[in-house]
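Taking it in order: structure first as structure tokens, then the write-up.
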Amino acid sequence: MADTATVRPLRASEVSSWDLEAEVVVVGFGIAGVCASIEAARAGADVLVLERTGGWGGAAALSGGFIYLGGGTALQRKLGFEDTPEEMEKFLTAALGPGVDKAKIHDYCQGSVEHFDWLVANGVPFNEVFWGEPAYEPPADEGLMFSGGENSAPFNAIATPAPRGHLAWTRDKKLGEKGGGYMLMEPLAQQAEKLGVRQEFDVRLQRLVVDDAGRVVGVAAKRYGKELFVRAERGVVLATGSFAYNHQMVEQYAPKILGRPAATVEEHDGIGIRVAQALGADLAHMDATEVALIADPQVIARGILVNGHGQRFITEDTYPGRMGQAVLQDQDNKAYLIIDEAALEAAFETESSMSFLRIAPTWVAETIEELEGEMGLPAGTLRTTIDLYNRHAENGEDPFLHKKTEWVKPISAPLGAYDLRGYTGGFTLGGLRTDLDSRVLHVSGEPIAGLFAAGRVSSGICAGGYASGCSLGDGSFYGRRAGVAAAKGN
């Protein structure tokens, strides 16, 4: 980490000359940055984007590409799903807590349909096909799926379920290289260029520049080791991503995820958070993390997930990111998947975007007692769990965790177990506290003049829980707000 002194704000009076100037300067060219640049340009501002890598994209371009949208989008309606902003709000309030920013969630849900239409109008394609199987993302180019456990307990009793994971139409999809995130970013980056947004690459943010009144008027950066001073006449938008790759910050704020970053990029080093902190910016939910459980959801749904004591702790047909959070945060990062031979064969016959994880179980056995011994569990622990599960599964019921009937079947021998201890990874969700116009808030609660933020550098709609698509969702939504507000010079 850089020395603390280097992130302190620089006085404009100390800048002898500006190397670059614009009305709005956007730092970071991922989903939040590109949406901010488009809206700032449309609002009539001269916009300059500074990106530390050699091109647009960021973590967004490498992601699966889900955008969490609902309330009755054109895609939802086309595929026969009814939804309202109110039901969407009920779900997100329950699933993304505790401590969610209720005003922000309400705002996001109310604006969701318009935001979908905006994405389409800016060239983002969505394939009108629904994927209804357990998955992190569809195996092909399907455009809509349940991506947060909306149709599983406990949420299906809290809000009317609707699929809200909207996925940009991906041609020549290749997991981890070219997915929905790339197809989301490409048309937006092209749109920004058409609007005259200027771009400078290989530029690394160092400090914010403020005038004598404390207003942010530019940034100090470096390119190839050379200092670069960039003036922003109306405002600076921070869109620099999370702090998942800043070892010291993760250790300080979210230690359970230390050493296990996933679904993020190395450029997410927290610099945007730190330079704003140096101005007195407030933070929110810095301990919040998304956690993936690295296993095939098609397999998990057909088995039972148990902890280090051989006991079930979460329904296996929910959003796998919710399982990952439960394993890491509540079960000491220890979990095993128990599945019988027939269920495993059925799972392996299905389509999945994670079929590369389909390997033989860690242990196989002819009896439950033998499996307990292989796993090193105390005698009777697994037997008790399976007997209790099977007693109700005979009737297709799961009265304890309420797994849906279609996935509830008795477990019989022969059977096996996957060792999922330590099979988690994820990214940070906390960041700068912002208002509904994406203005960065001082610890006093007042906006810091000239400073805006969106995406994972900020604390968005997630306060603890997660649903796939929330990062690209609130990043794009509040990126737009940041661009509009910065162009106005608010």
Side-chain angles (χ1 to χ4, degrees), residues 1-15 18 20-28 32-33 36 40 48-50 52 101 104 203-222 227-243 246 248-249 252-253 267-286 428 430-460 478-479 481-483 485-490:
M1 184 190 288
D3 176 55
T4 304
T6 63
V7 298
R8 293 185 186 278
L10 181 69
R11 288 282 175 185
S13 57
E14 297 177 56
V15 179
W18 299 97
L20 297 164
E21 296 191 34
E23 289 173 320
V24 173
V25 173
V26 178
V27 188
L48 172 64
V49 177
L50 306 177
R52 67 183 288 175
D101 184 331
K104 195 169 276 189
V203 177
R204 298 172 67 98
L205 173 66
Q206 302 290 308
R207 309 163 71 179
L208 294 171
V209 182
V210 297
D211 64 16
D212 290 340
R215 180 184 180 84
V216 175
V217 295
V219 302
K222 280 189 177 179
E227 283 194 321
L228 198 68
F229 298 103
V230 185
R231 174 161 167 69
E233 187 179 323
R234 300 186 191 175
V236 170
V237 177
L238 296 174
T240 51
S242 76
F243 62 96
N246 185 313
Q248 188 174 331
M249 287 182 73
Q252 183 176 346
Y253 295 112
E267 288 78 17
H268 282 202
D269 63 359
I271 184 62
I273 295 172
R274 286 171 47 72
V275 296
Q277 274 185 285
L279 274 182
D282 202 1
L283 304 176
H285 304 296
M286 292 293 282
T428 57
L432 301 171
R433 194 160 73 89
T434 56
D435 66 10
L436 300 186
D437 287 317
S438 297
R439 298 181 296 180
V440 176
L441 300 177
H442 189 269
V443 290
S444 65
E446 299 166 357
I448 296 174
L451 188 62
F452 310 84
R456 285 286 63 86
V457 71
S458 68
S459 176
Y478 286 105
R481 290 282 179 83
K488 292 177 180 175
N490 287 353

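Index from 1, following the sequence. Since we're looking at a predicted model, the values are computed, not measured. For the numbers below, each heavy atom of this structure counts, side chains included, while hydrogens, waters and symmetry mates do not.
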Determine, step by step, whether Phe243 and Val457 satisfy the side-chain contact (heavy atoms from CB on, under 4.5 Å) criterion, reporting the C-alpha distance in whole Å, the side-chain angles of both residues, the deciding distance to 0.1 Å, and the verdict.
CA-CA 8 Å; Phe243 62 96; Val457 71; over 6 Å; no
Backbone N/O of Asp269 and side chain of Asn246: donor-acceptor pair under 3.5 Å
yes
With side-chain contact (heavy atoms from CB on, under 4.5 Å) as the test, pick out the partner of Val230 among Leu48, Val15, Val27, Val203.
Leu48
Any side-chain to backbone donor/acceptor pair from Arg433 onto Ala284? Under 3.5 Å, distance only.
no
Shortest non-hydrogen contact from Val237 to Ala36?
CG1-CB, 4.0 Å
Is any side-chain heavy atom of Val24 closer than 4.5 Å to one of Phe452?
no
Closest heavy-atom pair and its distance - Ser242, Thr428
CB-OG1, 3.2 Å
From CZ (Arg439) to CG (Leu432), nearest 0.5 Å:
15.0 Å
Close side-chain approach of Val7 and Ile271, heavy atoms under 4.5 Å:
yes
Do any N or O atoms from the side chain of Arg11 and from the backbone of Val209 form a donor-acceptor pair under 3.5 angstrom?
no
Supply the atom-to-atom distance Arg207 CZ to Arg8 CZ, rounded to the nearest 0.5 angstrom.
9.5 Å
Taking the side chain as every heavy atom from C-beta outward, state whether Leu228 and Leu20 have any pair of such atoms under 4.5 Å apart.
yes
Using a 4.5 Å cut-off on heavy atoms from C-beta on, say whether the side chain of Val216 contacts that of Leu279.
yes
Shortest non-hydrogen contact between Val217 and Ala12, atoms and distance:
CG2-CB, 4.0 Å
Atom pair CG/CG of Leu238 and Leu205 - distance to nearest 0.5 Å
6.5 Å
Quick one: does Met286's side chain get under 4.5 Å of Gln252's, heavy atoms only?
no
Are a donor atom and an acceptor atom from the side chains of Ser459 and Lys104 found within less than 3.5 Å of each other?
no
Whether Arg231 side chain and Ala22 backbone form a donor-acceptor pair below 3.5 Å
no
Shortest non-hydrogen contact from Gly272 toward Val275:
O-CG2, 3.4 Å
Could you grab the distance from atom CD of Glu233 to atom CH2 of Trp18, nearest 0.5 Å is fine?
11.5 Å
First locate atom OG of Ser458, then atom CG of Leu441, and finally report the distance between them rounded to the nearest 0.5 Å.
10.5 Å
Do the charged groups of Arg481 and Asp435 touch, with an N to O distance under 4.0 Å?
no
Straight-line distance of His442 NE2 to Leu451 CG, nearest 0.5 Å:
11.5 Å
Are any of the side-chain heavy atoms of Tyr253 and Leu283 separated by less than 4.5 Å?
yes
What closest approach, in Å, do Ala239 and Gly33 show between heavy atoms, and which atom pair accounts for it?
CB-N, 3.5 Å
Heavy-atom count check: over 12 atoms from other residues, nucleotides or ligands less than 6.0 Å from Arg204 CZ?
no
Gly280 to Ile448 - nearest heavy-atom pair and separation
C-CD1, 4.4 Å
Between the main-chain N or O of Gln206 and the side-chain N or O of Arg274, is there a donor-acceptor pair closer than 3.5 Å?
no
Is the closest basic N to carboxylate O distance between Lys222 and Glu227 below 4.0 Å?
no
